[in-house]
Amino acid sequence: MKYWLMKSEPDCFSLEDLINSPDQTTPWDGVRNYQARNLMREEMKTGDKVLFYHSGKNAAVVGLAEVVREAYPDFTSWDPENSHFDSKSTPESPRWFMVDVKFVKQFSNPIPLNYLKTVEGLEGMALLRKGNRLSVQPVTEEEYAVITKLAEEM
DNA sequence: GCCAACGTTGGC
DNA sequence: GCCAACGTTGGC
């Protein structure tokens, strides 16, 4: 069992959008970063736990999700109409992959990024490292435990 | 294979 | 809106 943090711009795809998705499940499409792709393709397994993070204004961990389908080709990558189209990716030779994630929980009080920075035990968290832009990040079991506990207390 | 230029992300 | 950090591209 592994733990992850997945970022999304709420204007693009928010936790509310996930809740309103069919079966409260969505393909995590549009990732066009090799490091993030490799994590999804090689590391993410069904049942892994996901912290759902909103970037931008009011950046915060807003809830929990779960991996329900392991990596498969991101079909938006060969759709010329799609904003994440990549001419080098084809159905025969897909370059980009995605997983499906399912809604688990919405925190009654999101945990803001600037609060996370003050929490003991999260000093080493990838999210808090300066300049980190990775949209799919590994989270340690300890970090996950600290954050989910915080969410219950807030 | 190096590196400058450029584009994007994302916090502030 | 600014800008630091980082990834990608392309000339050499």
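Note: hydrogens, waters and symmetry copies are ignored here, and every other heavy atom, side chains too, is used. Every chain is numbered from 1, with letters handed out A, B, ... down the list of sequences. All of these numbers come straight from a predicted model, not from anything done at the bench.
Stacking of Arg37(A) on the aromatic ring of Phe97(A) is not recorded, the 6.0 Å distance cut-off and the 45° axial limit not both being met.
Of the possible polar contacts, one joining the Thr25(A) side chain to the Asp23(A) backbone as a donor-acceptor pair under 3.5 Å is found. Without hydrogens or angle criteria, Thr118(A) side chain to Tyr115(A) main chain gives a donor-acceptor distance under 3.5 Å.
A tilted orientation is assigned to the rings of Phe52(A) and Phe13(A), their planes being inclined by 30° to 60°. Between Tyr144(A) and Tyr3(A), the ring planes lie tilted relative to each other; the angle falls in the 30° to 60° range.
Taking CH2 from Trp78(A) and CG from Asp86(A), the interatomic distance works out to 11.0 Å, rounded to the nearest 0.5 Å.
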Checking Trp4(A) against Tyr53(A) for the ring pair (Phe, Tyr, Trp, His ring centres under 6.0 Å) test, could you report, in this order, the C-alpha distance in whole Å, the side-chain angles of both residues, the deciding distance, and whether it holds? CA-CA 10 Å; Trp4(A) 306 95; Tyr53(A) 176 82; over 10 Å; no
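At whole-Å resolution of the value, CG in Leu116(A) and P in dC12(B) are 11 Å apart. Between the C1' atom of dT9(C) and the CG atom of Asn33(A) lies a distance of 15 Å, rounded to the nearest Å. For Tyr34(A) and dT8(C), the OH to P distance is 7 Å, given to the nearest whole Å. Between the C1' atom of dG10(B) and the OH atom of Tyr53(A) lies a distance of 8 Å, rounded to the nearest Å. Leu5(A) places its CG atom 11 Å from the P atom of dG10(B), with the value rounded to the nearest Å. For the pair Asp11(A) CG and dG10(B) C1', the interatomic distance rounds to 13 Å; values are reported in whole Å. Straight-line distance from the CG atom of Asn38(A) to the C1' atom of dG7(C): 14 Å, rounded to whole Å. As rounded to whole Å, 14 Å separates atom C1' of dG10(B) from atom CG of Asn114(A).
Among the protein residues, Lys57(A) comes within range of no part of the nucleic acid, since none of its heavy atoms lies under 4.0 Å from any strand.
Between Phe103(A) and the options Leu64(A), Asn20(A), Thr26(A), Ile19(A), a side-chain contact (heavy atoms from CB on, under 4.5 Å) holds for only Ile19(A).
The environment of Lys149(A) atom NZ is sparse: at most 12 non-hydrogen atoms of other residues, nucleotides or ligands sit within 6.0 angstrom.
Near DNA chain B, meaning a heavy atom under 4.0 Å away, the residues from residues 117-134 of chain A are Lys117(A), Arg133(A).
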Return the polar atom pairs (N/O with N/O) between nucleotides 1-5 of chain B and the protein under 3.5 Å, or none.
none

